[in-house]
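Please read the structure below before turning to the comments.
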Amino acid sequence: MEPNFTEIAAKWQKKWAEEEVYKVSHKSDKPKYYVLDMFPYPSGAGLHVGHPLGYIASDIVSRYKRLKGFNVLHPMGFDAFGLPAEQYAIQTGRHPADTTRENIARYKEQLNNIGFCYDWSREVITSDPSYHKWTQWIFLNLFSSWFNLDSNTAEDISVLEEKFGNGGSAAAKGACSEHEDFTASQWISMTEKEQRGILMKYRLAYQDYATVNWCEALGTVLANDEVKDGLSERGGHPVEKKQMRQWFLRITAYAERLLGDLENLDWTDSMKEMQKNWIGKSEGASLRFELSPSNSMDLTPDPSPQERGGDLPQGFSAQERGENSSVAGGSSLGYGTKFHLSDSRAWSLFIPRAKKMRSEMTPSESIVWKELRDKKIGFKFRRQHIIDQFIVDFVCLSKMLIVEIDGSIHDSSKEYDEGRSEELAKLGFEVIRFTNDEVNNDLPSVISKIKEVCSNRATSYLDDQPNIGIVEEEGEEYSFSHLNERSNPLPPNEGRAGMGYIEVFTTRPDTIFGVSFLTLAPEHELVEKITSKEQKEAVEAYVQVAKNRSERERMSEVKRISGVFTGAYAIHPFSGEKIPVWIGDYVLAGYGTGAVMAVPCGDQRDWDFAKHFGLPIPEINEGVDISEAADPTKEAKMINSDFLNGSTGYEAMGKAIAVIEEKGFGKGKVNFRLRDAGFSRQRYWGEPFPIIYKDEVAYPLDPSELPLELPIMEDFKPTGKPESPLSKANDWVLTPKGMRETDTMPGYAGSSWYFLRYMDAKNPDSFVGKEAESYWQDVDLYIGGTEHAVGHLLYARFWQKFLFDRGFVSKAEPFKKLINQGMILGRSNFVYRVVGTDKYISKDMLDAHPELKTNTIHVDVNIVQNDILNTSAFKTWRDENKNAEFIFNAEGNYLCGVEVEKMSKSKYNVVNPDDIISYFGADTLRMYEMFLGPLEQSKPWNTNGIEGVHRFLKKLWNLFFDDQGDLKVQDSEPTENELRTLHKTIKKVEEDVERFSFNTSVSTFMICVNELSEQKCKNRRILKDLLITLSPYAPHTAEELWHALGEQGFVVDAIFPKWNEDFIKESSISYPIAFNGKTRFNVSLAADMPKQDVEATILAHEDTIKWLDGASPKKIIVVPGRMVNIVI
RNA sequence: GCCCGGGUGGUGGAACUGGUAGACACGCAGGACUUAAAAUCCUGUGACCUCACGGUCGUGCGGGUUCGAUUCCCGCCCCGGGUACCA
């Protein structure tokens, strides 16, 4: 009788869920084992057959470890914030919260169909406020932390503030952005704003201007890996570089630890290698080359910000262009403008609103305004004026008096009004309020009251301001984002080069005497200053070309050597010789100092450059031929190198650095390729930053104010400007305390710590409870794709280390062992339509008639079996096929073409796990995915072999039930053969799971069932142990048969059987007998026969005598239990 | 270019520390059962030579180490992944 595997699976999945079989707790005496999958991003397309591969493997390990007595944490959740969800939502015209919820429901259903043992009570959804609350909380901690380079750990920022107060900037060595030095007394006399400006340069979550990839079409900034060849990965839109104020995470502070700790991780070498390369540590020295005094240098200082800002958008006042730090007298506001009583962010945001309100005044407002306008009562009033974060109804600036008509702005509550008055009072304003009724019923007394208060107020805000200007802001379109954007980017090397010298970084300080020129990046800030009059034109032209060449052009262009002489010379620190300074675009502005000392004999790029421009190539290595190419050897003895002569490069390295440092020409230095991680996205669908700006200073929210939820917006489309969609949500952005940050966090924010949340997913008081964290600690096995090698896996390690430093977690590394599952590729099928007809020709017939012109068309793989097309299904598949005719092959079949491609809808090669499950059942899918090949290997999905696995499960079933469907299992003593089969299976499966070789254990099960079938095994004890062993792979079938045997409880709670060597031992072994390494025949001998006896027996064997053919053996090699080799 | 993987029948793959290459499965061929088909079961299935017994060759290519190499070493070719003027 045929079992219904689909029904069986559904039955037990329901039961498991009802009985919460997979729910686990940290309150356990058992040892823990944490198995983690990289949680999916729930896209609209649902799961295809490639997705569950890793999940099945981790599920097998989880179930196996549980049988082995571990308390196994195996959770699942969803990475739900990010651009794809936002894009999908925009496309479908729906809200990302809705589409995300639906996609998650669909994913969950699909995952549950496969029968995973997830503890769903620990489900984590990164977009859920109860989760992102803690993502924001971690951000706040990053914000309020700095990295102490002396202790090599993160510490609270207050520690740094104290150090500054005691000893100025010299008192603390912290990982920071560049800034001027200051003393303790300077620190103390700084304003809060200035202090916070300095602190920002130390925070682990900090703001800075940076070049970002701005994509006009997507209306967002993209990560480097979202940009391919100068185009966006999604949609292929052009991407341009822009300078924007962005949030960053100071991952570079951890570069050394991220690199060093890789060593002890059980990850594949390739994975570690990728991270190593990404971190890109290089050791060497930074060196100063003084500029030759003969250079015609213009040493005037940098243009001031105002001058630089000359091309800011029209409509910006001078104040907004960079002078807003000057403090206006008499006001605690400190905005320093005549009537701009808010910071420029608020101002620009409010202006359109205020204007709108001016044109739409309420009747009572209009009445009052008529009486107040044009100094009618002797004082200048302004209407709907912006003060700090508020738009007030009427204000007299000279008296700092505000008049508000309640209920006229919006339906504000009493508390709101009071809060507002309070905030304004702090700024020195008095607020008087009138109700609509007062205005309507007794206008004269309202006006006289205003007049009276005005006269009595002594405060005169504008007394100190001689240039009172009455200017109405009309026709000005302010955009808040422009303030975030730096229109005239500073050179990337700002501050790195001094006035009279060029600083270079080199990994080969030993080759210092081989320097024959310096090369600067075209963007290097000194270029302009050092260029001679004669070279000016050429240099400017070159710089212009280099600037205009986009990343894309640089990539696609065949490498060519280009550069130009600046006309300037530097002085070689040792020889004192004049060295020409060139610029060339092979030098990158963003790495090192943006300048290199060129050693053409040792560096191929320098060599090429020197050859191309006829620059000297001094020899510094004895006996090394550099006529054709550079030779980077460190082995040769050095010549022409002064004090380094006679040393090898290896020896010279240390010597050179020592002397360089001694003479003060530079110092030993380590450089990393790793950059700080950009943490700002101009998107809607991400975690909002818990940050409020006041006077352009970023202040963190109090943790008690978390979660800061996204405002519900109808229109979250990109603004088309480099500003976040959130900037459109005025009511959300404006708070009594200040204005919210409108950027959101990137996709990797939530995924950088989700593995911690699973430990204690529902904890409302902490991101993870101490008790739960100290029990689960870290991930024992992490399974996921290699695509996250340098993104997620690096960020997660960084966050873990930070949380470790701050004492929130107990391990410095999150993932002990990492396994990368290979990608499942699609296997596309093709049909061939003869051009101009409805005839489709079989692949093999086409091969025989290559002269036929055909169109190759993708055909749905679900109507193809073993590459044979189901022709009737093909006719109904698509309307245009209904008249299809076929040219069959000799067997009368239509054979399709095959190609391996990525799985995608458009190629009709997507196989849905649901379809497989409804036809074969979940266990067949699970076992087949494992049977396909080694987990780590990428391979095409091919449903062709699935029958074999399905057949196996039916054979297993038949061991338990006869043809009538009656249980035939008996309680008898197991035979020796049965025991041997069982125990060698247990042994092999155990070994296989431990080394993650799942494909081989599937074949082991097949061999086992084949043997037991042959042995006609009906033995209860044998079959029961087999079920336990099999249950990680085929949990539904195992559970059903487990209960059929009358066992209690669930099979997951059984104990994995122990194998016994005695049962496995064979009494006799078939020895292969080889002559000169070639096997000729086999002889069966007792397994425990000693070596000498084996030798004697074999030598006496008649076949041996025959093969020796009279010759005498030179040597006989006997490997007991293995083989015999006779050398003639 | 550099750094990692990998190359085994018609196909997916197995061979774990150097010890019978091709387990297991698909496919294919033949057979049994059936009116027939499906399902199921049995047999065969690396290539070549041979009626057969048996033999020769064979793990990308060329060398080497070894009694013995898919496995270790050297050189080369091809495929996949990562990364790229990183000084």
Side-chain angles (χ1 to χ4, degrees), chain A residues 2 268-278 280-282 284 504-508 511 518-519 521 554-555 559-561 584-588 590-599 602-606 608-609 632 671-674 786-787 789-790 820 822-823 825 827 866-867 891 898 928 931-934 936-949 951-952 954-955 958 963 988 991-992 995 997 999-1008 1010 1013 1070-1082 1113-1119 1121-1128:
Chain A
E2 182 92 345
T268 59
D269 287 339
S270 69
M271 213 61 172
K272 291 186 186 181
E273 201 65 31
M274 274 188 236
Q275 292 219 340
K276 265 182 211 164
N277 291 340
W278 195 258
K281 179 179 181 175
S282 40
V504 301
F505 172 73
T506 178
T507 54
R508 296 294 303 274
T511 62
L518 302 184
T519 315
R554 280 198 188 188
M555 299 281 267
K559 267 176 209 169
R560 64 182 175 84
I561 297 150
D585 68 359
Y586 79 97
V587 179
L588 303 176
Y591 181 78
T593 60
V596 301
M597 58 175 224
V599 184
D603 184 283
Q604 192 56 46
R605 291 157 306 175
D606 296 343
D608 292 339
F609 198 84
N671 238 349
F672 291 94
R673 201 185 75 110
L674 185 71
T786 46
E787 65 271 24
V790 289
N820 304 111
M823 226 208 317
L825 300 164
R827 191 175 182 280
N866 295 330
D867 300 333
E891 284 91 45
V898 176
Y928 184 60
F931 189 58
L932 227 40
E936 290 99 327
Q937 207 166 293
S938 286
K939 56 230 155 192
W941 175 266
N942 185 350
T943 312
N944 290 352
I946 200 164
E947 298 278 351
V949 172
R951 223 167 272 157
F952 155 78
K954 285 193 276 188
K955 276 192 215 170
N958 290 335
D963 294 346
K988 180 84 166 89
E991 285 166 358
D992 284 349
R995 66 190 175 103
S997 175
N999 54 329
T1000 51
S1001 37
V1002 176
S1003 21
T1004 303
F1005 285 122
M1006 288 174 170
I1007 294 166
C1008 175
N1010 286 346
S1013 302
S1070 176
Y1071 276 88
I1073 314 302
F1075 292 82
N1076 290 342
K1078 281 193 197 307
T1079 308
R1080 295 302 176 179
F1081 57 91
N1082 287 288
K1114 248 192 230 162
K1115 196 175 172 189
I1116 297 165
I1117 293 125
V1118 178
V1119 184
R1122 283 273 187 194
M1123 47 73 70
V1124 178
N1125 189 16
I1126 299 167
V1127 187
I1128 308 171

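Labels below follow one simple rule: chain letters A, B, ... track the order of the sequence lines, proteins then strands, and each chain is numbered from 1.
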Length of the CZ-P vector between A:F952 and B:C26, whole Å: 13 Å
Counting just side-chain N and O atoms, does A:R673 come under 4.0 Å of either OP1 or OP2 of B:A84? yes
Assigned partner base of B:G75, Watson-Crick or wobble definition, under 3.5 Å: B:C61
Please report the shortest heavy-atom distance between A:M1123 and A:N1125, naming the atom on each side. CE-CB, 3.6 Å
Could you measure between the two P atoms, the one in B:G64 and the one in B:G68, and give it in whole Å? 12 Å
Would A:T507 and A:F505 count as a side-chain contact (heavy atoms from CB on, under 4.5 Å) if you check the C-alpha gap in whole Å, the side-chain angles of each, and the deciding distance to 0.1 Å? CA-CA 7 Å; A:T507 54; A:F505 172 73; 4.0 Å; yes
Measuring only the P atom in each nucleotide, how far is B:A25 from B:C74? A whole number of Å is fine. 39 Å
Pick the C1' atom in B:A38 and in B:A21, then give their distance to the nearest Å. 37 Å
Restricting to non-hydrogen atoms, name the atom on A:A521 and the atom on A:L588 that form the minimum distance, rounded to 0.1 Å. CB-C, 4.0 Å
A:T268 side chain reached by A:E273 side chain, heavy atoms, under 4.5 Å: no
Give the B/S/- string for nucleotides 1-8 of chain B, one per nucleotide from 5' to 3', where a protein heavy atom under 4.0 Å of the base yields B, of only the sugar-phosphate yields S, and otherwise -. --SS----
Would you give the length of the straight line joining atom CG of A:N999 to atom OG1 of A:T1004, rounded to the nearest 0.5 angstrom? 9.5 Å
Each nucleotide N or O in nucleotides 10-13 of chain B that has a protein N or O under 3.5 Å away: list the pair and distance.
unit_1: B:G12; atom_1: O2'; unit_2: A:L932; atom_2: O; d: 2.6
unit_1: B:G13; atom_1: OP1; unit_2: A:Q937; atom_2: NE2; d: 2.7
unit_1: B:G13; atom_1: O3'; unit_2: A:N999; atom_2: ND2; d: 3.4

Do A:T1000 and A:D992 have side-chain atoms, one donor and one acceptor, less than 3.5 Å apart? yes
B:C2 pairs with, by Watson-Crick or G-U criteria that keep both distances under 3.5 Å: B:G82
Expressed in angstrom and rounded to an integer, what is the separation of A:R1122 atom CZ from B:C67 atom C1'? 17 Å
Kindly give the heavy-atom pair with the smallest separation between A:M274 and A:A789, and that separation in Å. SD-CB, 3.5 Å
Check whether any side-chain N or O of A:T1000 sits under 4.0 Å from OP1 or OP2 of B:C16, and answer yes or no. no
Let's see if you can work this out: which of B:C67, B:A23, B:C26 has an atom nearest to the side-chain heavy atoms of A:K1115? B:C67
Base orientation of B:G9, chi within 90° of 0 counted as syn, else anti, reads syn
Looking only at atom C1', what distance separates B:C67 and B:C16, rounded to whole Å? 23 Å
Length of the line joining A:Y1071:OH and B:U20:C1', which is rounded to integer Å: 13 Å
Only pairs with both distances under 3.5 Å count, Watson-Crick or wobble alike; so what is the partner of B:A14 in this structure? none
Base, sugar-phosphate alone, or nothing: which one does A:V596 contact when heavy atoms must sit under 4.0 Å apart? base
Please report the distance, rounded to the nearest Å, between CD1 in A:I1073 and P in B:G19. 17 Å
The side chain of A:N1125 lies closest to which of these nucleotides: B:G19, B:C26, B:U56? B:G19
Please report the closest heavy-atom contact between A:Y1071 and A:V1119, naming both atoms and the distance. CE2-O, 3.8 Å
Let's test this: given Watson-Crick or G-U wobble pairing with both distances under 3.5 Å, identify the partner of B:U56. B:A47
Between A:D606 and A:M597, the two heavy atoms sitting closest are OD2-O, 3.9 Å
Students often mix this up, so state it plainly: with edges at 30° and 60°, are the rings of A:Y586 and A:F609 parallel, tilted or perpendicular? tilted
For B:G27 and B:G12, measure between their C1' atoms and round to the nearest Å. 11 Å
Spacing of the P atoms in B:C33 and B:C28 (rounded, Å): 22 Å
Assign the ring pair A:W941 / A:Y928 to parallel, tilted or perpendicular, where the plane angle (0 to 90°) is split at 30° and 60°. perpendicular
Relative to the 5' end of RNA chain B, which residue comes earlier, A:V949 or A:E991, by the nucleotide with the nearest heavy atom? A:E991
Looking at A:R1122, I'd like to know if its CZ atom is crowded, meaning that more than 12 non-hydrogen atoms belonging to other residues, nucleotides or ligands lie closer than 6.0 Å. no
So which nucleotide from B:G55, B:C16, B:C24 ends up closest to the side chain of A:N1010? B:C24
Closest approach of A:R673 to A:W278 (non-hydrogen atoms, all atoms of both residues): NH2-CE3, 3.0 Å
Students often get this wrong, so: under 4.0 angstrom with heavy atoms, is A:I1117 touching a base, only sugar-phosphate, or nothing? base
With a 4.0 Å cut-off on heavy atoms, is A:M1006 in touch with a base, just the backbone sugar-phosphate, or nothing at all? sugar-phosphate
If we take the P atom in both B:U70 and B:U59, what is their distance in whole Å? 7 Å
Taking for each residue the nucleotide of RNA chain B with the nearest heavy atom, is it A:V790 or A:F672 whose nucleotide lies nearer the 5' end? A:V790
Can you check the distance between B:C26 and B:C76, where both ends of the measurement are the C1' atom (answer in whole Å)? 35 Å
Considering only B:C67, B:C86, B:C26, which nucleotide approaches the side chain of A:N944 most closely? B:C26
Output one line per pair: protein atom, nucleotide atom from nucleotides 40-45 of chain B, and distance, for all N/O pairs under 3.5 Å.
unit_1: B:U40; atom_1: OP1; unit_2: A:R951; atom_2: NE; d: 3.4

Side-chain atoms of A:R995 come closest, of B:A87, B:A15, B:G19, to B:A15
Are the side chain of A:N671 and the backbone N or O of A:S282 linked by a donor-acceptor pair below 3.5 Å? no
